[in-house]
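Heads up, the thing below is written out as structure tokens.
A, B, ... follow the sequence lines: proteins, then strands. Residue 1 opens every chain. Atoms considered below: every heavy atom in the structure, side chains included; atoms not considered: hydrogens, waters and symmetry mates.
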Number of protein chains: 2
Amino acid sequence: MKFCADCGHPVEHRTPPGDHLPRYVCPSCGTIHYQNPKIVAGCVPEYEGRLLLCRRAIEPRYGFWTIPAGFMENGETTQQAAQRESLEEACAEVVVGSLLAVVHVLHADQVHVMFRARLLDGQFGVGAESLEVKLCSEAEIPWADIAFRSVDFALRRYLEDRGHGVEQHHFTTIDFRKPQEHHR
Amino acid sequence: MKFCADCGHPVEHRTPPGDHLPRYVCPSCGTIHYQNPKIVAGCVPEYEGRLLLCRRAIEPRYGFWTIPAGFMENGETTQQAAQRESLEEACAEVVVGSLLAVVHVLHADQVHVMFRARLLDGQFGVGAESLEVKLCSEAEIPWADIAFRSVDFALRRYLEDRGHGVEQHHFTTIDFRKPQEHHR
């Protein structure tokens, strides 16, 4: 952020009085522009024991495999976001189920929220942001070519829980920040 | 948003090509400024059967009662945010436990994530954003003066689950939007 979104004046980066972190502050209109983590919502859609995966047609991680997931929009729930992303990326109608994983991705300022889901009728397609979409048995999952650590985590917990006949939720943290960023 | 945070040029509000929602777009540098829900993280700290509540010294809902909660910062987990808010608002050291509630607050573009917690040593104080902080037995909870619906929801689910000896998590949605906002 270089300019105030409210008045267009150049912003300063400093800790406001009574605060404990540096913020983008407008010296002209006084607005403090807070920056907060964004939510990425997604799901693992299952159909007859197989899981729906998408090969990314966009950066980052072009060509790698992921589950339907993307930035949550204002005005929707996390479940609705996961459902919408399934439709957009895999032309798939899903029924979103239980909470599967919450992954704090500290270097990206993101929280990934993943659910279990059921692919409604076995129908799917290739959305605009995908190169390829397919249903994979557990043995067919391309583990070496999964786009993101959070997706790897979600898929592994999904399969473990399914093997045990349970539906737990799992928290984890991924942190690829450089050391000096920890105390910003 | 009126001005581009990257170049300072006035922004336009329109749907970019290939997108499905209007965004703030800069006609000068081309940056699309997405707006996404913010996470509010909090917890219900318990000590010897009583729950720690704070009376708000800030707007909105000045003078009403809440649990320690606030906007999640970049670089922290939801649990760390809940812990930090307990320290800031109630000078309370807590150990954050299981996930209690996820509340989609659609009219505020917020997702409230609440945890169970244990107040470490029974010590607490009155933080800068609180008028008063106290430990309440179930009978002492000021139900008529709770600041937010999401906090009411979290407290009720906390007590119900405690009564049943379980620690479940609960999703809900609160939507006070005007009708025309649903299709923005």
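At a 4.5 Å heavy-atom cutoff, the contact between Thr77(B) and chain A is made by backbone and side-chain atoms alike. With a 4.5 Å cut-off on non-hydrogen atoms, Gln110(A) does not touch chain B at all. For a residue to count as touching a neighbouring chain, one of its non-hydrogen atoms must lie under 4.5 Å from one of that chain's; by this rule Tyr24(A) does not touch chain B.
Residues Gly75(A) and Arg177(B) share a closest heavy-atom pair of O-NH1, 3.4 Å. Listed here is the closest heavy atom pair of Leu99(A) and His169(B): CB-NE2, 3.7 Å. Contact detail for Phe171(B) and Gln79(A): the closest heavy-atom pair is CD2-NE2, 3.3 Å.
Inter-residue side-chain proximity for Asn74(B) and Leu21(A) is flagged as unmet; no heavy-atom pair is nearer than 4.5 Å.
Note: Ile39(B) CD1 to His104(A) NE2 = 7.0 Å, rounded to the nearest 0.5 Å. Taking CD from Glu76(B) and CG from Asp109(A), the interatomic distance works out to 10.5 Å, rounded to the nearest 0.5 Å.
Hydrophobic clustering places Leu155(B) together with Leu100(B) (ILVMFWY residues linked when any side-chain heavy atoms are closer than 4.5 Å, directly or through intermediates). Cluster annotation: Ile146(B) is not connected to Val113(B) through the hydrophobic network of ILVMFWY side chains, with a link wherever side-chain heavy atoms come within less than 4.5 Å. Note on Leu52(B): it clusters hydrophobically with Val96(B), by side-chain heavy-atom contacts below 4.5 Å among ILVMFWY residues.
Annotation: maximal heavy-atom pairing with chain A below 4.5 Å, among His9(B), His33(B), His20(B), occurs at His20(B). Ranked by heavy-atom pairs under 4.5 Å with chain A, the list Gly8(B), Pro10(B), Ala108(B) is led by Gly8(B).
With a 6.0 Å radius and a threshold of 12 heavy atoms from other residues, nucleotides or ligands, Glu73(A) has its CD atom above the threshold.
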